[in-house]
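Ligands are counted one by one from 1 in listed order, and the atoms in each one are counted from 1 as well. Sequential numbering from 1 along the given sequence is applied to the chain's residues.
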Amino acid sequence: MDFEHVDLKDPDLYLGGPPHELFARLRAEDPVHWNPESGGRGFWAVTKYEDIVAISKNPALFSSAREHGGHRMFDENVVGLASIGDANETEAPMISIDPPEHNRYRRMVSPGFSPSRLRALEARVRERVCAILDRLGDRRECEFVTEVAAELPIQVLAEFLGIPQQDRLKLFDWSNSMIAEDDPELRKSPAAVAADLQAMAEYSLRLWQERLANPGDDLVSMLAHSAIDGEKMSMERYLGTFLLLVVAGNETTRNSISGGLVTFAQYPDERRRLAADPAALSTAAAEIVRHVSPVMHMRRTALADTEIRGRKIRAGDKIILWYVSANRDEEIYRDPGRFDVTRAEAPSLGFGIGEHYCLGARLAELQLRVFFGEFLRRYPNAEPCGEIRRMRSNFISGIKHLPVRLC
Ligand code: HEM
């Protein structure tokens, strides 16, 4: 097939859901595909599982660092998104830093996501899920995204960070404005995004100062008092971390919950298997992330000339890792388009892999496991009952509007 007219950057391509057939053809015929970019320098589209694993595990050659462009399809060092204020004046968050500095940074934050902290959170997550579902009362229908899916991650984040629940809508609004640049309905003006960043910086600094004086057992207190090799976390680094956690933990989990609902409705047999064997909720949570791929890609930049599958990559070339494609690679997964709640062939790349593997993966899976355990018990036959409107984005596989029949 001729892929000359294919543009994986075009957000319209994703309006009906990820273009899985196109990705299947790319994997088969042009797995390291050159995608020219109007108004940009073009990128390599890498669509096979093994290639994405190899690239992700070689950060010395394939960089995430902001000074080389960062982790998004656009150049972060030019656009400056995901930073507080001007990209050149502030420190990048860990997702846009290479080792060895990345390891030091990550070690300051990762104790906040330890298995013991997550175990302690499980009962609270369950309470929140029940409260969100109790609010539906005996209604027959709901707008699932705003009333259900969006609430859980943002409430859990607020709890995790030690923020009063009434402030959660601020977090929600700020994080939405960071990833909606391609959706005319959601996108804000550059001035409004800058104002959001400023407001978020001021809010998170107030928290920092409060927790320095009066530490609690929340993540902000932990960051305010953390030190690695005698070095304390700087305020700039804390700001980047706060923003990253709020953005990374919100949209992604919300879209896994909404996408999971749609998927379960498409596979009633799998829903029944899960009802008969609730122990499968753990593999089901991982399978939702594989099947939905809420983060469709991340980006790297080659630091030296190299080759992938015989294609000559030049130093400075942009490389897009299409997780949404690798998660359906037929060389890795049997019948990859099928949703299978006990699937166990290989970890999905929905959370990435290697150096920058998602720090919140277990927290996200915990929410999915607890949520669907409770939701499907109450509404074993829930299904979409109207138009599903998707977000216009080549980055996040997102659902904006999802009317659901509760049955
Ligand atoms: C289903 C939900 C989620 C998905 C699909 C997801 C996806 C991802 C992916 C693909 C990466 C890899 C980035 C790369 O290699 O360049 C990543 C990194 C990251 N995620 Fe998640 N994420 C989710 C939930 C969360 C949550 C709940 C949090 C925290 C509250 C979180 C925090 C992070 C952080 C801090 C990183 C950067 C790690 C690093 O650079 O070392 N994520 N995520």
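- For the residue pair Tyr49 / Asn327, no side-chain donor-acceptor distance below 3.5 Å is found, with atom types taken as modelled.
- Annotation: cation-pi pair Arg106/Tyr357 absent, no NZ/CZ under 6.0 Å from the ring centroid and within 45° of its normal.
- Residue Thr253 has no N or O atom closer than 3.5 Å to an N or O atom of ligand 1.
- Taking atom 11 (C) of ligand 1 as the reference point, the nearest protein heavy-atom neighbour is Phe351 O, 3.7 Å.
- Side-chain atoms of Glu143 and Thr146 form a donor-acceptor pair, as typed in the model, at a separation below 3.5 Å.
- Looking only at heavy atoms of the protein, atom 19 (C) of ligand 1 is closest to Cys358 CA, 3.6 Å.
- Residues His356 and His71 place their aromatic rings such that the two centres sit no closer than 6.0 Å.
- At a threshold of 4.0 Å, the pair Arg311-Asp51 does not count as salt-bridged, since none of the basic side-chain nitrogens sits closer than that to a carboxylate oxygen.
- Protein heavy atom at the shortest distance from atom 1 (C) of ligand 1 is Ser256 OG, 3.1 Å.
- Tyr267 does not carry Arg338 over the face of its six-membered ring by the limits of under 6.0 Å from the centre and within 45° of the normal.
- Summary of contacts: the protein heavy atom closest to atom 27 (C) of ligand 1 is Gly249 CA, 3.5 Å.
- Taking a cutoff of 4.0 Å between a charged side-chain nitrogen and a carboxylate oxygen, Asp269 and Arg272 qualify as a salt bridge.
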Between Arg128 and Glu151, is the salt bridge (Lys or Arg N to Asp or Glu O under 4.0 Å) condition met? List the steps.
CA-CA 9 Å; Arg128 297 207 169 278; Glu151 275 292 336; over 6 Å; no
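- The nearest protein atom to atom 33 (C) of ligand 1, hydrogens excluded, is given as Ala248 CB, 3.8 Å; this is a heavy-atom distance.
- At least one N or O atom of His356, backbone or side chain, sits closer than 3.5 Å to an N or O atom of ligand 1.
- Considering backbone and side-chain N/O of Arg300, one or more are found under 3.5 Å from N/O of ligand 1.
- Not a single heavy atom of Ser64 sits closer than 4.0 Å to an atom of ligand 1.
- Per-residue contacts place Met94 under 4.0 angstrom from the following atoms of ligand 1 (heavy atoms of the residue considered): 39 (C), 40 (O), 41 (O).
- Close approach of ligand 1 to Arg106 (heavy-atom distance below 4.0 Å) involves ligand atoms 38 (C), 39 (C), 41 (O).
- Aromatic ring centroids of Tyr14 and Phe395 lie 6.0 Å or more apart.
- Arg41 has a carboxylate O that lies under 4.0 Å from a charged side-chain N of Asp75, or vice versa, which qualifies the two as a salt bridge.
- Looking from atom 7 (C) of ligand 1 to the surrounding protein, the closest heavy atom is Gly350 O, 3.5 Å.
- Using modelled atom types and a 3.5 Å distance limit, the side chains of Arg343 and Thr283 yield no donor-acceptor pair.
- Only the side chain of His102 comes within 4.0 Å of ligand 1, judged by heavy-atom distances.
- In this structure, Glu365 has no heavy atom closer than 4.0 Å to ligand 1.
- Contact annotation: Ser56 has no heavy atom less than 4.0 Å from any atom of ligand 1.
- Protein heavy atom nearest atom 24 (C) of ligand 1, with residue, atom name and distance: Thr252 OG1, 3.4 Å.
- Neither the backbone nor the side chain of Val109 has a heavy atom within less than 4.0 Å of ligand 1.
- There is a side-chain donor-acceptor pair under 3.5 Å between Ser221 and Asp218.
- The ligand atoms of ligand 1 that sit less than 4.0 angstrom from a heavy atom of Val295 are 7 (C).
- Here's the thing with Tyr357: none of its N/O atoms is less than 3.5 angstrom from an N/O atom of ligand 1.
- The number of heavy-atom neighbours closer than 6.0 Å to NZ of Lys232, taken from other residues, nucleotides and ligands shown, is above 12.
- A donor atom on one side chain and an acceptor atom on the other are not found under 3.5 Å apart for Ser256 and Arg254.
- With a 4.0 Å heavy-atom cut-off, ligand 1 is reached by the side chain of Pro294 but not by its N, CA, C or O.
- Closest protein heavy atom to atom 28 (C) of ligand 1: Gly360 CA, 3.5 Å.
- Of all the heavy atoms of Met298, the ones lying under 4.0 Å from any atom of ligand 1 belong exclusively to the side chain.
- Looking at Tyr323 against ligand 1, only its side chain comes within 4.0 Å, counting heavy atoms.
- Not close to ligand 1: Tyr105, with no non-hydrogen atom less than 4.0 angstrom away.
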